[in-house]
2 protein chains.
Amino acid sequence: MKYIAIIGYGVVGGGITAVIEANKEQIKRTVHDDVEVKYILDLRDFPDSPYADRVVHEITPILEDESVELVCETMGGSHPAYEFSVQCMEAGKSVVTSNKEVVANFGDKLLRCAKENGVSYLFEASVGGGIPVIRSINTALAQDNITKIRGIVNGTTNYILTKMKNEGRDFADVLAEAQELGYAERDPAADIDAIDAKRKIIILTALATGVLLDDADVYAGTLRTVTQDDIKAAARLDAELKLLACANIGDSIEAFACPMIVPHTNPISHISDVYNGISVASDVTGDIMYYGRGAGRLPTAGAVVADVCAVLSGAAKYEYVPEFKKADGTTKQAKPFDKIEFTYYIRANCSKVDLADKLEAACDSVKIISEEGGIVEAVAGKMTAKTMSDLLPDAVAIRILD
Amino acid sequence: MKYIAIIGYGVVGGGITAVIEANKEQIKRTVHDDVEVKYILDLRDFPDSPYADRVVHEITPILEDESVELVCETMGGSHPAYEFSVQCMEAGKSVVTSNKEVVANFGDKLLRCAKENGVSYLFEASVGGGIPVIRSINTALAQDNITKIRGIVNGTTNYILTKMKNEGRDFADVLAEAQELGYAERDPAADIDAIDAKRKIIILTALATGVLLDDADVYAGTLRTVTQDDIKAAARLDAELKLLACANIGDSIEAFACPMIVPHTNPISHISDVYNGISVASDVTGDIMYYGRGAGRLPTAGAVVADVCAVLSGAAKYEYVPEFKKADGTTKQAKPFDKIEFTYYIRANCSKVDLADKLEAACDSVKIISEEGGIVEAVAGKMTAKTMSDLLPDAVAIRILD
């Protein structure tokens, strides 16, 4: 019998006990033993749960029980998730997590702590829910140099954008409905201001480069300003408006998360509803894309359990996980967002001639695409965000994915 | 230094030496040592290659050299690939392969041989080229029960169908061009008669169920009969015509590879050109799809090298790979193809009333979609292939993916 503990018994934590119970035999194929949840740490009690007698309110019994080999951290947030994870690893227990915030903020320290204590720290469920992108980057692409990552990594906002497109409704209206249905949080900022997407691209970039970028070095563009006009413009460009998290990896790292126009020729444009998609380009393998349920109780719990299996089978010890390191003189550096150049879709309240003149002075490629009722639309590039806003402070400008 | 050998120095074999040379440092991160190709077994010599002095024409020097830990089998075909692989494993060497034919035909024996000799037999590159679907099924979905697999797993035919659609050209014409360009083989039967796709669905099904189906138990439907009319009909149904390899896993296994009409609501319908896509549905994780380059020198070689890294790092010993077993009284059985029911697109040279009458007598759901110039089109289901052809022996009938 292998014993594990869960800290944070919310949606994902509850999914873990469900998966371990339902798919006992499948798990045994990999682990070659039964897996049992011995402790559940939560502030609450769960008197009606079959696990009621395993609930504890402090970390100490878990730390002191040597039979517990592994702890699933599914509490979310930075603190005390970080401290609990460190304590568990110092007590010789591996930790697996679905918590993107703690990995994006403290992944370097947590991986170092795992190494120092001879245990594993795995976080497959932190990006893309049930999509096995992290282990895949670490194993299938181990021999590759990754050059580009593009992801639709936030299901809530992808659902909102899909609804806006299909039903012609406004952002605020669809958001309110999503909140009512429980698809969006009461405080939706982490989703709609791209904070969640930013955390995920920080993690993916760290896997590809070893560099754990600072939160401040990755731009997050909000979805709050997106209108039906923008969505219709994307459709006219044979494209979709998506909240995209991107990294371009060269001598420096360009990483950002913001609404972008994605041409239909890019398969990621076809990912709709709550689904996530992550594409990775690398020198040997070329383009790969992963698609699946980026959130939800069972898919996310399944990804945690896959990590549990990797640890308890012994495989995790041999799996390659890069060390994460904050950028310094020895690593690649983040390119400041105001230095990154984009092609823009532009909608401005001026004359065609005026717009063309201004844009042609600022960039190489300018294409006026429509003029009607005093509104001119253009596609122009490449420009930095600063050039763009200095030039046309009142225009709508949306970045287009190359 | 870790030594390996390559048997079969064609396109993929050559790609392996190229990847190992170019991405030495990346590989070292995983393997923690340098990897060197010590022998290349091929019937030919390669006097201009930097590896000219490592070329051997017999397997014996490889078998006898104890420093060779692993052999990459990239020769293709069943024989002598099977015999060589067995000999290598009996000599204590792990074998990794890109050879779908030998895995589909002898995967059960080869995995047993690996187990008996305490070595690994891995075949990531045998399905989906650079797409890491096999390791992902074995690791990320280890805790899942897989219920459905759908794949566009043959790049050549997907390229032909994409060209037919985009350029309105006939099958024979596009095939001839693809042969000229080297995208299709001189003898194209394995691709266009779905033999290659059948081998790949046999392998994927074995990973999901442990049952290695017999070649004779998996239907392969040719693409030779596909016309522009069929492609246009799919477009009118808001769908694409694709060569699909499928498995439905329940009490029995329905496995087949044939041209099918795939609705645009299914993301696999958007996979075009030489790209491959494989979707897997399972009880915990839900729907996942993998997309990428299903063939080509570097992507396929990269997948072989990923397996090399898994073996040489020590991870492969702990990775779960199911035992493959031929169907028998203790396993799930293949459902005979003539018992599998499908929804069909039907185009017949008769009257609307006649067609409706016949179909309504045979199945529950019948929808006449057009009648023009004596040609009637319908969508009807569910029927077996036998019911369909008994009913309307001269009609065009194409299966529709649910």
Side-chain angles (χ1 to χ4, degrees), chain A residues 15 18-20 22-23 26-27 29-31 124 129-133 135-136 138-145 210 264 267 269-272 275 277 279-280 282-293 296 298-299 301-303 305-306 308-310 313-320 322, chain B residues 15 18-20 22-23 26-27 29-31 124 129-133 135-136 138-145 210 264 267 269-272 275 277 279-280 282-293 296 298-299 301-303 305-306 308-310 313-320 322:
Chain A
V19 172
I20 287 177
N23 286 12
Q26 286 67 37
I27 292 167
R29 298 181 308 197
T30 316
V31 175
E124 181 65 67
I131 307 174
V133 62
R135 179 160 285 108
S136 188
N138 289 340
T139 56
L141 300 182
Q143 72 288 340
D144 277 47
N145 290 299
H264 280 145
S269 69
H270 297 288
I271 291 162
S272 53
Y275 281 89
S279 76
V280 179
S282 58
D283 55 352
V284 172
T285 305
D287 298 314
I288 288 184
M289 189 179 77
Y290 306 87
Y291 165 95
R293 291 182 185 275
L298 284 185
V305 175
V308 169
C309 292
S313 70
K317 243 182 280 182
Y318 297 89
E319 273 182 6
Y320 171 70
Chain B
V19 172
I20 286 177
N23 287 10
Q26 285 66 39
I27 292 167
R29 295 182 308 195
T30 315
V31 175
E124 180 65 67
I131 305 175
V133 64
R135 177 160 286 109
S136 189
N138 289 341
T139 56
L141 301 182
Q143 71 288 341
D144 277 48
N145 289 298
H264 281 146
S269 69
H270 297 290
I271 291 163
S272 53
Y275 280 88
S279 76
V280 180
S282 59
D283 56 351
V284 173
T285 304
D287 298 313
I288 288 186
M289 189 180 77
Y290 305 87
Y291 165 94
R293 292 181 185 276
L298 284 185
V305 174
V308 170
C309 291
S313 70
K317 243 181 284 183
Y318 297 90
E319 273 181 7
Y320 170 70

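Small disclaimer: the values here were computed from a predicted structure and weren't measured. Order of the sequence lines sets the chain letters (A, B, ...), proteins ahead of strands, with each chain counted from 1.
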Using non-hydrogen atoms and a 4.5 Å limit, figure out which bit of [X] sits close to chain B: side chain, backbone, both or neither.
X         : value
Arg135(A) : side chain
Ala310(A) : neither
Thr139(A) : both

For the interface with chain A, which of [options] has the highest count of heavy-atom pairs at distances below 4.5 Å?
options                         : value
Asp144(B), Leu141(B), Asn145(B) : Asn145(B)
Val280(B), Ile131(B), Ile288(B) : Ile288(B)
Ala316(B), Gly314(B), Gly296(B) : Gly314(B)
Gly292(B), Ala315(B), Ala142(B) : Ala142(B)

Results of side chain to side chain contact (heavy atoms under 4.5 Å, CB included) for Pro322(A) - residues two or more places apart only: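 Partners of Pro322(A) under the side chain to side chain contact (heavy atoms under 4.5 Å, CB included) test: Asn138(A), Leu207(A), Tyr320(A), Phe324(A).
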Mind checking what makes side chain to side chain contact (heavy atoms under 4.5 Å, CB included) contact with Ile27(A), not counting sequence neighbours?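 Ile27(A) satisfies side chain to side chain contact (heavy atoms under 4.5 Å, CB included) with Ile20(A), Val31(A), Val35(A), Val305(A), Cys309(A), Gln143(B) once adjacent residues are dropped.
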Any chance the side chains of Asn23(B) and Asp283(A) put a donor and an acceptor closer than 3.5 Å?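 Per modelled atom types, Asn23(B) and Asp283(A) side chains form a pair under 3.5 Å.
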For residues Tyr275(A) and Tyr291(A), establish whether the separation of their ring centroids is below 6.0 Å.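 Centroid separation for Tyr275(A) and Tyr291(A): below 6.0 Å.
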Parallel, tilted or perpendicular: rings of Tyr290(A) and Tyr290(B) (30°, 60°):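 Correct class here is perpendicular.
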